[in-house]
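Written out below as structure tokens is the structure these notes cover.
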Amino acid sequence: MSAKKTIKPRAISGFPEWLPEIRIVEQQWMNEIRRIFESYGFCSIDPPSVEDIDVLTSKGGDTDKEIYALRRLQAEDGGDEARVALHYDLTVPLARYVAQHFNDLAFPFKRYQIQRAWRGERPQEGRFREFYQCDIDVVDVDNVALDFDAELPAVILEVLASLGLDRVSMHINNRKILQGFYEGLGIENVVETIRVVDKMDKIGPEGVAKMLVDDAGIDAATAQRCVELASIRSTDTSFAERVRALDVKSELLDEGLDELTFVLEHLASVTQEQAVADLAIARGFDYYTGTVYEGKLIDYPDYPSILSGGRYDDLVGSFLRRRLPGVGLSIGLTRIFAKLVKEGQIQPGPKCPTDVLVVQLPGVDRAVARDTGRHLRRRGFNVEVYHEAKKVGAQMKYADRKGIPYVCFPPGEPGALPEFKDMQSGEQTSVSLDAWSPSGSGGTFKARTVSA
RNA sequence: GUGGGCAUAGCUCAGUUGGUUAGAGCGCAUGGUUGUGGUCCAUGAGGUCGCCGGUUCAAAUCCGGCUGUCCACCCCA
């Protein structure tokens, strides 16, 4: 008698998973996201989950702390040094992909990527170690049209709206404005200044001013002007005059203002004030050089950003002797979805995709049920044939608990008509397998056909 | 990586100033005869009270360590 030892079943923290009725909604979301991305001509790529470690760390920064390396449990001699690791985002794999297939791609290269990414962070609400990102990027040779800076956020907002998410804001800034402004003020530590200013919504103007003095070594008066810049927001192009009123001279600054104005002008005509010029937005990644984006759920202002992206001067510099700039935007799918699940905002779908359960009547040849199922399946329905000739009550209960909308009783004797029962209304009718159609009150079938 | 809270049944949680056999709701299983689910009723299964050690006649309860988890910071979708 061996003591049975059970391991407490638990998903690893930070690695979300859903019950079938939630997962089915997530799948519908992904289908919808893909559909709209493709409607704008973006193509799909699906590079591996792992890349060479040198590739992943090529973007610099200290993200390597958060990269999961892969190695075999039983490493052989000299083999314990990990050579590959799980990708940290979808942009670096894209860079490698574009560089590698440069000769086979048509530019501007517009691609979408719906994949998981992995980060070795401490999990928290909205922070996962494994999560889906839905990226769209445009990469071109030597120069990417500014029009894309305006189109991408419009695409993303359309996607979210089609998922029923209108309460989303898209904050947009331009790194050239920040850099030009700071340089115009004679600030030397621009990178640190950007990092601090990005905390505006978290620690407020006073906090930023103090931190600029303490951490970035900026004098109080100059710090104050940085805060003034960061306080500017507008849903139209009026931000530009307000920046110019601060009277800082810089060519780069002017360039940034023109670009941001262009983007805002375009977005104002295709969205309803969801896009906002927000000069406090900076974004952490230091490879952004122009437009930067950050999206938030309006109803959960303390929840971390759900959209992120920007323009980079050169995506593939570390792989190719060509300059390939790009602009991209990413939906934090898991971040959004998990929050809405937690808040009860996701209407669970059915527990299984079955439209019809065929009952197996006790005392009737099981071939009858099997053939009935096959017949209905050929008509395009998702059909389960109950796995044993158990009591009919038990089979009904199964259909009920799985949320299967229709039950079919195959004919008990040759020549008789089958009967169909609508589980929601309780209505039961005799009708041939070819003539039967769902009455419409069944939720599963409708949900599935609508999304298909 | 730094700092703080929490840990009792599958889930959500009770459990008095340490005291004998640790409870509830939900969920699950079976039954309430024959070929019809949901509601109701009855019965039942299920816990090393996270793990290890200490204090005590006695620990779910007090103390220490470990692990897990959640929150804040860092950073970020």
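Heavy-atom basis, side chains included; hydrogens, waters and symmetry copies ignored. Sequence lines set the chain letters: A, B, ... in the order given, protein chains first and strands last, and positions in each chain run from 1. All values reported here derive from a predicted model rather than from experimental measurement.
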Rounded interatomic separation in angstrom, taking CE from A:Met30 and C1' from B:A77:
13 Å
Closest to the A:Glu419 side chain, choosing from B:C73, B:G37, B:G35:
B:G35
Hey, which of these two, A:Phe131 or A:Asp400, hits RNA chain B nearer its 5' end, going by closest nucleotide?
A:Asp400
Answer with yes or no whether A:Gln395 presents, from its side chain, a donor or acceptor under 3.5 Å of a partner atom in the base of B:U36.
no
Distance (rounded to the nearest 0.5 Å) between A:Arg116 CZ and A:Leu333 CG
10.5 Å
Does any donor-acceptor pair link the side chain of A:Glu130 with the base of B:A77 at a separation under 3.5 Å?
no
Here the distance between atom P of B:C75 and atom CG of A:Asp215, to the nearest Å, is 10 Å
With heavy atoms under 4.0 Å as the rule, sort A:Gly126 into base, sugar-phosphate or nothing.
base
Whether A:His387 and A:Tyr398 hold their rings parallel, tilted or perpendicular, with breakpoints at 30° and 60°:
perpendicular
For A:Ser305, which contact category applies under a 4.0 Å heavy-atom criterion: base, sugar-phosphate, or nothing?
sugar-phosphate
Within the 4.0 Å heavy-atom criterion, would you say A:Glu121 contacts the bases, only the backbone, or no part of the nucleic acid?
base
Can you tell me how far apart CZ (A:Arg335) and CG (A:Leu340) are? Round to the nearest 0.5 Å.
13.5 Å
Atom CD1 of A:Ile67 and atom P of B:G1 are separated, to the nearest Å, by 17 Å
For the residue pair A:Ser162 / A:Glu32, report whether a side-chain donor-acceptor contact shorter than 3.5 Å exists.
yes
Within the supplied structure, the quantity of interest is the number of heavy atoms (other residues, nucleotides, ligands) at a distance under 6.0 Å from A:Glu388 CD; does it exceed 12?
yes
Is any side-chain N or O of A:Arg122 closer than 4.0 Å to OP1 or OP2 of B:C75?
no
Categorize A:Gly295 for me: base, sugar-phosphate, or nothing, with a 4.0 angstrom heavy-atom threshold over every strand shown.
nothing
Examine B:A29: is either OP1 or OP2 under 4.0 Å from a nitrogen or oxygen in the side chain of A:Arg401? Give yes or no.
yes
Base paired to B:U16 (Watson-Crick or G-U; both N/O distances under 3.5 angstrom)
none
Judged by modelled atom types alone, do A:Glu343 and A:Gln345 share a side-chain donor-acceptor pair under 3.5 Å?
no
A:Tyr112-A:Glu38 side chain donor-acceptor pair, cut-off 3.5 Å:
yes
Rounded to whole Å, how long is the line connecting atom CG of A:Leu297 with atom P of B:A77?
15 Å
Would you mind reading off the distance between A:Leu90 atom CG and B:A77 atom P, rounded to a whole angstrom?
11 Å
Please classify the nucleic acid contact of A:Lys199 as base, sugar-phosphate, or nothing, using heavy-atom distances under 4.0 Å.
sugar-phosphate
Tell me which nucleotide, if any, is Watson-Crick or G-U wobble paired with B:C28 when both distances must be under 3.5 Å.
B:G44
In whole Å, what separates the P atom of B:G38 from that of B:A29?
12 Å
May I ask you to verify if any side-chain N or O of A:Ser13 is less than 4.0 angstrom from the OP1 or OP2 atom of B:G68?
no
Whole-Å C1' distance, B:U17 and B:G50:
26 Å
For atom P, what is the distance between B:C63 and B:A45, given to the nearest Å?
36 Å
With rounding to the closest Å, how many angstrom separate the C1' atoms on B:U56 and B:G1?
40 Å
Side-chain contact check for A:Met423: nearest option of B:C75, B:C71, B:G37 is B:G37
Rounding to a whole Å, what distance do you find between A:Glu294:CD and B:A77:C1'?
10 Å
Re B:A9: Watson-Crick or G-U wobble partner, both distances kept under 3.5 Å, found to be none
Reckon A:Phe409 touches a base, only the sugar-phosphate, or nothing at all at heavy-atom distances under 4.0 Å?
base
Separation of B:A77 atom P from A:His171 atom NE2, nearest Å, is 15 Å
So what's B:U33 paired with, Watson-Crick or G-U wobble, going by both distances under 3.5 Å?
none
Taking the six-membered ring for Trp and the single ring otherwise, decide whether the centroids of A:Phe381 and A:Trp436 are under 6.0 Å apart.
yes
Please report the distance separating the C1' of B:C74 from the corresponding atom of B:G4, rounded so that it comes out in whole Å.
16 Å
The Watson-Crick or G-U wobble partner of B:A77, with both key distances under 3.5 Å, is none
On RNA chain B, does the nearest nucleotide to A:Ser330 precede the nearest nucleotide to A:Gly14 from the 5' side, or the other way round? Give the residue.
A:Gly14
Give me the distance, rounded to whole Å, that separates B:G31 from B:G18 when you measure between the P atoms they each carry.
48 Å
With sugar-phosphate meaning primed atoms plus P, OP1 and OP2, does A:Arg195 contact a base, only sugar-phosphate, or nothing at under 4.0 Å between heavy atoms?
sugar-phosphate
Picking from B:A77, B:C71, B:U69, which would you name as closest to the side chain of A:Ser308?
B:A77
For atom P, what is the distance between B:U67 and B:U30, given to the nearest Å?
43 Å
Taking CE from A:Met396 and C1' from B:U39, how many angstroms apart are they, rounded to a whole number?
15 Å
Any A:Gln124 side-chain N or O less than 4.0 Å from OP1/OP2 of B:C70
no
Looking for any heavy atom pair under 4.0 Å, which part of the strands does A:Ile331 touch: base, sugar-phosphate only, or nothing?
nothing
Touch class at under 4.0 angstrom, heavy-atom based, for A:Tyr132 against every strand present
nothing
Check: A:Leu324 main-chain N/O paired with A:Asp314 side-chain donor or acceptor under 3.5 Å:
yes
If you measure from the P atom in B:A14 to the same atom in B:C52, how many Å do you get, rounded?
25 Å
Between B:U34, B:A72, B:C74, which nucleotide gets closest to the side-chain atoms of A:Lys391?
B:U34
